[in-house]
Structures are given as structure tokens and as C-alpha cells.
Trainee: 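Starting off with a structure, shown below.
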Amino acid sequence: MTIDLHTHSSVSDGTASPADLVRAAAVAGLDVVALTDHDTTAGWGEAAAAAEEAGIGLVRGIEISTRYRDAGVHLLAYLPDPDDPSLRAELDRIVVGREDRVPGMLARLRELGIPVTEEALAEVSPDNRVTGRPHVADLLVRLGAVRDRDEAFARYLYDGGPAFVDRYAADLVTMLGLVTGAGGVAVVAHPWGRGSAAVLDEAAFADLAGAGLSGIEVDHLDHDRMARSGLRGIAARLGLVVTGASDHHGTGKTGHDLGSETTAPGQLDRILERAAALGSPTGLVGRERR
Ligand code: AMP
Ligand code: ZN
Ligand code: FE
Ligand code: FE
């Protein structure tokens, strides 16, 4: 049983369509895959249809941009009601914030002598429903300013970098309430990766568990062996679910192949049980056929 609970499609900053992503997951031998595009459920329908056809389990999720004690934290929300009005309103606010900062980032790049335009950006990523720095990175690649996304981030787009513009992110504790209120299961993504490691110590996880957090993404490429063992200990002490996932972004990010990090079946069962207990109307697609 191979389970990968964190992937992105071209609806956000991955490179494959939701249907192609699900088919690729089946080809890669996954039994269950979660689609977790940034801040949107727009890919869910297409992914669900593809999962039914490919005979693979699909967990519908979202990777939500939040803030905790001034640090950016990515929160995975599994199986929330996509029509919950309060959750939708906050996701819409994040997506608007993403769009609002694009002109500022492009203006900074033009000041640095790179002739970027909004029209060219739209051509680079015609399918995406949310805009992120990776799309700007792809534009820089297309213009020959950098070799790949990594170089674009390293030179221009990193947090605080010359072309970086901050954006709205939801308060993490508030978002935990919104996700669980919509029947969703909340898991902190790559907590000890970029940015959030300094604020997410054991006391913080205890605080978050009290606010509705269900799990920690432990097995992620951004975590070395020490980080994983530390996080596993915290999860065990706090009774939190432990997940692992590739954080696949298609060809946009190397080292994140589908199934390269995985979640144990018993941990997925805990997520599904928690979703049921929270009254989630969003079931797992497809897996019951096996
Ligand atoms: P944004 O969502 O616009 O704030 O951009 C952040 C996203 O860019 C993250 O979710 C990552 O998927 C991606 N990212 C961050 N650093 C890099 C990097 N060095 N190379 C490629 N993608 C990155
Ligand atoms: Zn991403
Ligand atoms: Fe993330
Ligand atoms: Fe991600």
C-alpha cells in the first residue's frame, strides 16, 4: 500500500493537470494520492473523475497559506467541505492576496532590468487558478534570465529577496477552526522546512493540537533525519497523526517524485476516521473498489 498525501497540479504551481497528475500517480504505483493545490479546491472535480477511471484512491485536500507568530506555515486540510462558506471566504481572501502582489513583483523585476509583463506571465501558466512565485520563476526561465525555478528563487524570489513581495496569509489558529468546522483534517506541512522551524516547537504543537490540529507531515524532503526523529517524538507525545509525502510539483521542482515519501496505511485510516468524526461530507474517492 503506497500512499502520497501532498501533491500539486497546474491548478496551482505544479506542472501536470489534475487528471494527468492522478494518472501519473497510478502509473507510479501509488494506491492513494492526495491532491493538495495551494489555497484552492478548483482541481478536485477533474482529479476525482480521473481517480475513478484509473482505479486509484484520491484524497481531496488543500495546502493553505497561514501565518503563526510571524512565520509562514503551510497547513494541509484533508477532506473539508469545499462549499463551507467560512472556509471558502478565507481561501478567496488568500487567492486575492496572491493576485494583488503580482504587479509589485513584476515591477521590481523590471527595475532590475528584466522585461517581464503580466501578459507574458499569463502565457507561461494558462491553467493556474492561483498565482505563485513559481509562475514568475517560469517566466524568468522563459526570458532566459535564469536556468530554472531554483535559480529564480535563489537570485530573485526567495523570502525577502529583491523581487519578493509579501502577501496575505490566514491566521493559523483561526484557520484550524475553519478547517475542522468544515469537517476537514488539519496537518501541518513540512513544519521544520523553510521558515516555520523557529516557531513550531513542541509547546507550539501542543497549542495547535488544542486548536484542532490532527497531524504533522514528518517525512518530507525538507526534513533531515534529525528533524524527522524530533517531529516523530512530538507527534507520539501529543497523539498526532504522522504523515509523509512527496510534495510533488511535476517537472517544476526536482527531487519530489510521486511516492518518494509516503504515509503508513494506519495513519491514513486515522485521518479518515477523524474526518468522519468531524462530519466531513467529502469522502475518499475510489479506494473502496480494492
Ligand atoms: P508562493 O506560494 O508564491 O509564496 O511561493 C512559494 C512556493 O514556491 C512554495 O509553495 C514552493 O512550492 C515554491 N518554492 C519555494 N522555494 C522554491 C525553490 N527554491 N524552487 C522552486 N520552488 C520553490
Ligand atoms: Zn507549491
Ligand atoms: Fe508547502
Ligand atoms: Fe506543497
Side-chain angles (χ1 to χ4, degrees), residues 3-18 21 24-25 33-44 47 59-68 71-78 91 94-95 97-99 101-102 105 124-125 127-139 141 148-150 152-154 157-159 164 166-167 169-170 172 175 179 184 186-197 199-200 213 215-223 227 231 243-263:
I3 302 164
D4 184 342
L5 291 184
H6 181 168
T7 71
H8 298 271
S9 77
S10 54
V11 163
S12 65
D13 54 10
T15 56
S17 70
L21 173 83
V33 67
L35 174 67
T36 54
D37 276 311
H38 295 284
D39 307 312
T40 180
T41 62
W44 283 17
V59 173
R60 286 164 287 181
I62 318 164
E63 184 178 18
I64 305 175
S65 312
T66 75
R67 209 170 292 284
Y68 184 69
V73 174
H74 285 180
L75 184 69
L76 293 161
Y78 295 116
L91 291 175
I94 299 170
V95 172
R98 285 177 164 281
E99 302 309 322
R101 73 165 168 169
V102 169
M105 289 198 291
V124 162
S125 53
D127 302 333
N128 66 295
R129 306 285 285 270
V130 307
T131 306
R133 282 177 278 168
H135 302 115
V136 178
D138 290 347
L139 175 58
V141 172
D148 53 24
R149 280 187 181 181
D150 281 341
F153 271 88
L157 296 168
Y158 60 91
D159 284 13
F164 173 75
D166 208 358
R167 63 182 167 87
L172 175 56
M175 185 49 77
V179 168
V187 174
V188 177
H190 47 73
W192 288 358
R194 284 182 300 266
S196 55
V199 299
L200 292 175
L213 182 71
I216 302 178
E217 187 181 59
V218 172
D219 290 308
H220 185 284
L221 193 64
D222 287 356
H223 296 154
L231 286 167
T243 70
S246 65
D247 200 357
H248 181 69
H249 278 72
T251 56
K253 221 173 175 185
T254 50
H256 294 260
D257 291 347
L258 286 165
S260 54
E261 306 274 3
T262 59
T263 297

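Predicted model, so just to flag it, every value in this text is computed and none were measured. Whatever order the structure lists ligands and atoms in, that order sets their numbers, starting from 1.
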Trainee: Under 2.8 Å from the Fe ion (ligand 4), is there an N/O/S atom belonging to His8?
Mentor: yes

Trainee: For Val188, which of Val218, Leu200, Thr243, Thr66 qualifies under side chain to side chain contact (heavy atoms under 4.5 Å, CB included)?
Mentor: Leu200

Trainee: If the test is side chain to side chain contact (heavy atoms under 4.5 Å, CB included), which one of Arg149, Arg167, Arg101 qualifies with Arg133?
Mentor: Arg101

Trainee: Within less than 2.8 Å of the Fe ion (ligand 3), how many protein N/O/S atoms are there?
Mentor: 3

Trainee: Return the orientation label for the His249 and His38 ring planes: parallel under 30°, perpendicular over 60°, tilted otherwise.
Mentor: tilted

Trainee: Exactly one of Glu217, His223, His220 should register a side chain to side chain contact (heavy atoms under 4.5 Å, CB included) with Trp192. Which one does?
Mentor: His223

Trainee: Any idea which heavy atoms bring Ser246 and Gly259 closest together, and the distance?
Mentor: CB-N, 4.1 Å

Trainee: Mind reading off the angle at the Zn ion (ligand 2) between the OD2 atom of Asp13 and the NE2 atom of His249, rounded to 10°?
Mentor: 120°

Trainee: With the Zn ion (ligand 2) as the point of reference, which N/O/S atom of His38 is the closest?
Mentor: NE2

Trainee: What's the verdict on side-chain contact (heavy atoms from CB on, under 4.5 Å) for His190 and His6, showing C-alpha distance, side-chain angles and the deciding distance?
Mentor: CA-CA 10 Å; His190 47 73; His6 181 168; 4.1 Å; yes

Trainee: Would a distance-only check, ignoring hydrogens and angles, find a side-chain to backbone donor-acceptor pair under 3.5 Å from Tyr78 to Ala34?
Mentor: no

